[in-house]
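What follows is one structure encoded as structure tokens, with my remarks underneath.
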Amino acid sequence: MARHIIVKEYNPLWPELFEKEASRISKILGKNLVSIHHIGSTSVVGLAAKPIIDIMPVVEDLKLVDLVANEFEQIGYDYLGEFGIEGRRYLRKGGDNRTHHIHIFSKKNIHDIERHLAVRDYLRTHKDICDKYAKLKMDLAKKYPYDSEGYRDGKAKFVEQLEQDALKWKHLST
């Protein structure tokens with residue numbers, strides 16, 4: 001059976017859930033960890049989201065991450081390697097009822113790190129865009145409750161424009 005797409009109103013517990021999991025991830029990555037960020041919709045106060053905490057650790061060396069894959073599996077993660085994005089290590093927790101996604105990048109992968117942080121920060125500071133995105137996600141979840149592809153495709157154009165605007169905004173404000 002297809003996963004049920006559920007978009008919920010912002011939950012003020014999401015930052016706490018991030019902190020708890022970030023602590024566990026930090027212990028596994030050890031000295032290889034450069035920084036760790038809460039990204040995605042659950043990182044934006046007030047934004048409706050699928051209740052999945054997205055976490056982005058930045059590391060010195062991705063090869064060292066592969067060496068601790070089993071430690072992530074021991075705390076419930078599926079270790080999926082690059083999973084469609086070169087230079088990333090992707091992990092997910094919770095099976096069909098996912099609770100967490102981890103997107104690990106090398107500190108050298110400035111492009112992917114910057115785009116994730118720019119989108120997060122742009123949504124945090126542009127309430128009108130945040131509200132439009134929340135409405136779009138709620139509408140799509142109702143329209144495609146068991147169709148991940150339909151949901152994803154429905155947001156694709158908005159997300160692409162959002163990323164472009166966020167990166168432009170970031171470069172203008174630095």
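What you are looking at is a predicted structure, and each value in this text was computed from that prediction instead of being measured.
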Exercise. Does any non-hydrogen side-chain atom of Tyr90 lie less than 4.5 Å from one of Ile104?
Worked result: no

Exercise. About how many Å separate OG of Ser41 and CG of Leu123, when rounded to the nearest 0.5 Å?
Worked result: 7.0 Å

Exercise. Are Phe18 and Trp14 near enough that their ring centres are under 6.0 Å apart?
Worked result: no

Problem set entry | Test log, rule salt bridge (Lys or Arg N to Asp or Glu O under 4.0 Å), inputs Arg115 and Asp112 | CA-CA 5 Å; Arg115 73 184 176 85; Asp112 284 314; 2.7 Å; yes

For this session: Hey, could you give me the NE2/CG distance between His100 and Leu17, rounded to the nearest 0.5 Å?
Result: 6.0 Å

For this session: Tell me, please, which residues at least two apart from Tyr151 pass ring pair (Phe, Tyr, Trp, His ring centres under 6.0 Å).
Result: none

Exercise. Do the side chain of Arg124 and the main chain of Ser43 share a donor and acceptor less than 3.5 angstrom apart?
Worked result: yes

Exercise. If every non-hydrogen atom of Val65 is compared with every non-hydrogen atom of Arg89, which pair is closest and at what distance?
Worked result: CG1-CG, 4.1 Å

Exercise. In this structure, are over 12 heavy atoms from other groups packed under 6.0 Å from Asn97 atom CG?
Worked result: no

Exercise. Ile113 and Ser106: which non-hydrogen atoms are nearest, and at how many Å?
Worked result: CD1-O, 3.4 Å

Exercise. In this structure, are over 12 heavy atoms from other groups packed under 6.0 Å from Glu16 atom CD?
Worked result: no

Exercise. Considering only heavy atoms from C-beta outward, does the side chain of Arg3 approach that of Tyr146 to under 4.5 Å?
Worked result: no

Exercise. Are any of the side-chain heavy atoms of Leu140 and Lys155 separated by less than 4.5 Å?
Worked result: yes

Problem set entry | salt bridge (Lys or Arg N to Asp or Glu O under 4.0 Å) against Asp78, all qualifying residues, sequence neighbours excluded | none

Exercise. Would Leu91 and Phe83 satisfy side-chain contact (heavy atoms from CB on, under 4.5 Å), going step by step from the backbone distance to the final call?
Worked result: CA-CA 9 Å; Leu91 301 86; Phe83 202 70; over 6 Å; no

For this session: Give a yes or no on this: more than 12 heavy atoms of other residues, nucleotides or ligands lie within 6.0 Å of atom CD1 of Ile110.
Result: no

Exercise. Ile39, Trp169: one ILVMFWY side-chain cluster at the under-4.5 Å cut-off?
Worked result: no

Problem set entry | By side-chain contact (heavy atoms from CB on, under 4.5 Å) - contacts of Ser35 (at least two apart) | His37, Val58

Exercise. When rounded to the nearest 0.5 angstrom, what distance separates CD in Glu19 from CD1 in Ile53?
Worked result: 11.0 Å

Exercise. Taking atom NZ of Lys108 and atom CG of Leu62, what is their separation to the nearest 0.5 Å?
Worked result: 9.5 Å

Problem set entry | Expected output: side-chain Lys93 to main-chain Ile75 donor-acceptor under 3.5 Å | yes

For this session: Start with the C-alpha gap between Lys31 and Leu33, add the side-chain angles, then the distance that decides, and say whether side-chain contact (heavy atoms from CB on, under 4.5 Å) holds.
Result: CA-CA 5 Å; Lys31 292 180 180 178; Leu33 183 66; over 6 Å; no

For this session: Return the set of residues passing salt bridge (Lys or Arg N to Asp or Glu O under 4.0 Å) with Lys107 (not counting sequence neighbours), or none when no residue passes.
Result: Glu60

Exercise. Atom CZ in Arg98, atom NZ in Lys50: separation rounded to 0.5 Å?
Worked result: 8.0 Å

For this session: Check the hydrophobic clustering (I, L, V, M, F, W, Y; side-chain heavy atoms under 4.5 Å; chains of links allowed) and say if Val44 and Tyr133 are grouped together.
Result: yes

Exercise. Donor-acceptor pair, Arg92 side chain versus His101 backbone, under 3.5 Å?
Worked result: no

Only pairs under 3.5 Å count here: list side-chain donor-acceptor contacts from residues 22-30, not counting sequence neighbours, and write none if there are none.
from, atom 1, to, atom 2, distance (Å)
Ser26, OG, Ala22, O, 2.7

Problem set entry | Shortest non-hydrogen contact between Phe105 and Gly87, atoms and distance | CD2-O, 3.5 Å

Exercise. Partners of Asp139 by side-chain hydrogen bond (donor to acceptor under 3.5 Å, both in side chains), sequence neighbours excluded?
Worked result: Lys135

